[in-house]
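What follows is a single structure, written as C-alpha cells, with notes after it.
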2 protein chains.
Amino acid sequence: MAKIQGKKNSTKKEVIIEKASKLFREKGFGAASMRDLAENVGVEAASLYNHIQSKSEILQTICFKVANEFMTNLEQVESSSESTLKKMEAIIRLHIRMMLDQYEFIYISDHEWRHLPEPYLSNFLSQRRSYRKRLGDIIEEGIAKGEMKHIDPYVAVLIILSAVSGIDSWQRSRKSTSAEALETNMVKYLIEGLKK
Amino acid sequence: MAKIQGKKNSTKKEVIIEKASKLFREKGFGAASMRDLAENVGVEAASLYNHIQSKSEILQTICFKVANEFMTNLEQVESSSESTLKKMEAIIRLHIRMMLDQYEFIYISDHEWRHLPEPYLSNFLSQRRSYRKRLGDIIEEGIAKGEMKHIDPYVAVLIILSAVSGIDSWQRSRKSTSAEALETNMVKYLIEGLKK
DNA sequence: GAAAAATACTAACAAGTGTTAGCCGTCGAT
DNA sequence: ATCGACGGCTAACACTTGTTAGTATTTTTC
C-alpha cells in the first residue's frame, strides 16, 4: 500500500504538498492552478485527487503544520527555567532557523492563510492570537522582573514576528549576508532593543 | 469633461482604484474579480473599462503611487542636515504614519506586487532595491560616525521595514494600543536597537 | 499467476475569468 | 435643434478554474 515515489522515502501526498508549497509561494494560492501543480508533480490534474481531497486541503495542511510546530516549541521554551531574555532569544532563533530551512511552508502560512475556508480560518487565527499573547506574556514578565525595558509587549511582539517574517525578502538576494551573519545580527538588534 | 462622482471631488477612476484597493487587500489580487469590483463601485463590470484599461493597470497605479511617495520623502530626508539617527527616526515615523492612514494602498504595494506584469515588475523591484540600498547607506554612515552600533546595515533595514509593514496585522485588532502609543513604542524599540 | 487495491488516464461539467463589441440614453456645446 | 462625446448597459467571446465520473493500467497481496 505504501509508495516510495518522489526522491526520498516520502508519500506522494507529501510530494504534492511540497511542490504545492513552492508553487503557492511563487504565484500565490489564488493564482496557482491545479493543472500547474499537476505538471510540477508529473501527473494529470485529476490524478491529484487520488491523494488529496481539495486544493484548500493542501493549504490547511501547510498552515496547521507550521502553526503546530511553533506552538510545540513555544511550550517547550515556556516550561524551561531560563531568564525571560534567554527565552525570547531562543524563540527568535527558532523563528529565524525555521524561516531559513522551511522557507516555503512558513511563507505560505504567513501570507496565504487568508484563503483558508471556514472554520479553519477562525481556528488558525485564534491559534495565532494565542501564540502572540503568550509571547507578550513572556515580555511582560521580563519587564516586571526588570530584565527588559519598559515597552508595550504587544508592539514588541509585533516587531519581532514581523522582522523574522521579513526574511523572505532576503531569501532571494542572499548574496552579501550569510545565514549565520543574518541570525547573529538579527538577534543582536532585536534583543538589544528589549534589554534594559 | 470632468465628473464629480463618488463622494468628494474625485474622478470615477479614483473611486475605482480606491474600491479596488480595499478589495485587493481583502481577497488578494488574484482572487478579486472585476465583477466583484464593479459591484462595489455600483456599476456593471464592462463599464469599468470606460475608465481603466485593465485589471493590472489598477495594480500598477497603486504600486507605483506608493513607491514614488516613499522615494520622494526619502530624498527629502537625505538632503536634510539632521543626524543619521534623526534621519532614520523620520523615515520610520513616516512609514508608520503612511501605514496608518494609507493602509490599503501600502498593504497592496507590499504584498501584491508579485502580480505586476513585466516590465513593471522589474521596474518596481529595482526601485525597491534602490530604496533599501539608500536606507542602508544612512545606517552605514551612522555606524562610521559612531552614532549607531556596529550592525549589518542590510539586516537593520530588513528589520525596520518588516516591522513597520507588520502593522497590518495590528490594524484589525486595534483594541488595546492606540495609534500614538504604537508609533511611540515602535520608534523606541527600533531606534534603541540602532543607538550605540 | 489471479484477485484486489491503488492510482493513473481521458473527457467533461458548471461556473467564473478578463475583456471586447455594439447599442442606447444623457448630457453640454455649437 | 443637432451633434458628438461620454458612460452606462447587455451579450458574448475565448479561456481557465476546481472537481467528478468512468475507465484503463499499474502495483501489491495472496
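As the structure is a prediction and not an experimental result, all values here were calculated from the model.
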So, OP1 or OP2 of dT17(D): does either fall under 4.0 Å of a side-chain N or O from K55(A)?
no
I'd like to know if the side chain of K188(B) and the backbone of H150(A) have a donor-acceptor N/O pair within less than 3.5 Å.
yes
Starting at atom CD1 of I16(B), determine the distance to atom P of dG7(D), rounded to an integer number of angstrom.
10 Å
Verify whether the ring centers belonging to F29(B) and H111(B) lie closer than 6.0 Å.
no
Round to a whole Å and report the spacing from CD1 of I52(A) to C1' of dT7(C).
14 Å
Can any side-chain N or O of S130(B) pair as donor or acceptor with the backbone N or O of S126(B) at less than 3.5 Å?
no
From CE of M34(B) across to C1' of dA11(D) the rounded distance in Å is 18 Å
More 5' along DNA chain C: V43(A) or S54(B), using each one's nearest nucleotide?
V43(A)
dA8(C) base / N50(A) side chain donor-acceptor hit below 3.5 Å:
yes
Under 4.0 Å between a side-chain N or O of H51(A) and OP1 or OP2 of dA8(C)?
yes
Can you tell me how far apart CE (M148(A)) and CE (M88(A)) are? Round to the nearest 0.5 Å.
6.0 Å
Using a cut-off of strictly less than 4.0 Å, decide whether S47(B) has a side-chain nitrogen or oxygen near OP1 or OP2 of dC9(D).
yes
Classify A32(A) by what it touches in the nucleic acid, base, sugar-phosphate, or nothing, heavy-atom distance under 4.0 Å.
sugar-phosphate
Distance, rounded to the nearest Å, where Y49(A) contributes OH and dA8(C) contributes P:
14 Å
Kindly say if S33(A) contacts the phosphate of dT17(D), meaning a side-chain N or O under 4.0 Å from OP1 or OP2.
yes
Measure from NZ on K12(A) to P on dT27(D) and round the result to the nearest Å.
11 Å
For L48(B) and dC6(D), what is the distance between atoms CG and C1' respectively, to the nearest whole Å?
15 Å
Flag the pair D101(A) and R97(A) as a salt bridge only when some basic side-chain nitrogen lies within less than 4.0 angstrom of an acidic carboxylate oxygen.
no
E57(A) has an atom CD; how far is it from atom C1' of dG18(D), in whole Å?
14 Å
Please report the distance, rounded to the nearest Å, between CZ in R35(A) and P in dT20(D).
13 Å
